[in-house]
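Below: the structure, in structure tokens.
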Amino acid sequence: MTMVSTGRPNEMTMKKSFELREYETVSPIPFGQVATYDQIAELIGAYGCAWQIGWSLKRLRLPSKIHWHRVINTKGEVSMSIGREGTDWVQIDLLKSEGVFINHELKIQLRRYLWKPDLMKDS
DNA sequence: GACTTGACATGGA
DNA sequence: CTCCATGCCAAGT
């Protein structure tokens, strides 16, 4: 591909690629772990487009093979919105099924469940 | 074609 | 850590 690394999503590129890359990034998330929108956005080279991540996921609708339920916000909580018809609660239920403990405040221990990509060449 | 909304993030108080 | 205000990009109206 080697497209122009303008630092922002290729405007000329196909939008499908955006969601595609998103899924490609979300797919490798292991069982029982979660990733933040910011993480996904940065991984696809779209830092600051975390909002767009949620947009793409929403347009997918259920059922979806993508591990969308493993994507949460940087606050360590599941983003809930009335516009989702309660799918947010489904996400919480799915996370619980994976053994992820969720606080009464719907907060998750990112420090324990946050997924770490192999981008860390040194530690 | 312009304004509003949205499953967000960051910075300052 | 929590709350308020601002910035980001794309789809919907």
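A, B, ... follow the sequence lines: proteins, then strands. Residue 1 opens every chain.
The distance from atom CD of A:Glu85 to atom CG of A:Asp88, rounded to the nearest 0.5 Å, is 10.0 Å.
Across all non-hydrogen atoms, the minimal contact from A:Gln39 to A:Trp115 is NE2-O, 2.9 Å. When all heavy atoms are compared, the tightest approach of A:Leu95 to A:Ile102 is CB-CD1, 4.1 Å.
Scanning atom types as modelled, no donor and acceptor separated by under 3.5 angstrom connect the side chain of A:Tyr37 and the base of B:dA9.
Using a 4.0 Å heavy-atom criterion, one finds that A:Asp88 contacts no nucleic acid atom at all.
In the set B:dT10, C:dT2, B:dA7, the nucleotide with an atom closest to the side chain of A:Lys107 is C:dT2. Side-chain proximity of A:Gln91 to B:dT10, B:dA7, B:dC8: nearest is B:dA7.
A:Leu94 is listed as a side-chain neighbour of A:Val90, based on a closest heavy-atom distance under 4.5 Å.
No continuous path of ILVMFWY side-chain contacts below 4.5 Å connects A:Ile53 to A:Leu114, so the two sit in separate hydrophobic clusters.
The aromatic ring of A:Trp55 does not sit over the base of C:dA11, since the test of centres under 5.5 Å and planes under 30° is not met.
The separation between A:Trp51 atom CH2 and B:dA9 atom C1' is 9 Å, rounded to whole Å. Between the NZ atom of A:Lys75 and the C1' atom of C:dC4 there is a distance of 13 Å, given to the nearest Å. Between the P atom of C:dG7 and the CD atom of A:Gln52 lies a distance of 19 Å, rounded to the nearest Å. Across the protein-nucleic acid pair, A:Ile53 atom CD1 and C:dC8 atom P stand 17 Å apart, rounded to whole Å. Counting to the nearest Å, the P atom of B:dT10 and the CG atom of A:Asn73 are 11 Å from each other. Here B:dA7 presents its P atom at 14 Å from CD1 of A:Ile92, a figure rounded to the nearest Å. Put simply, CG on A:Leu114 is 12 Å from P on B:dA9, counting in whole angstrom units. Taking atom CD of A:Glu77 as the reference point, atom P of C:dC3 lies 11 Å away to the nearest angstrom.
The residue among A:Ile82 and A:Asp38 whose nearest nucleotide of DNA chain B is located toward the 5' end is A:Ile82.
Regarding contacts with the backbone of B:dC8, a side-chain N or O of A:Ser79 is found under 4.0 angstrom from either OP1 or OP2.
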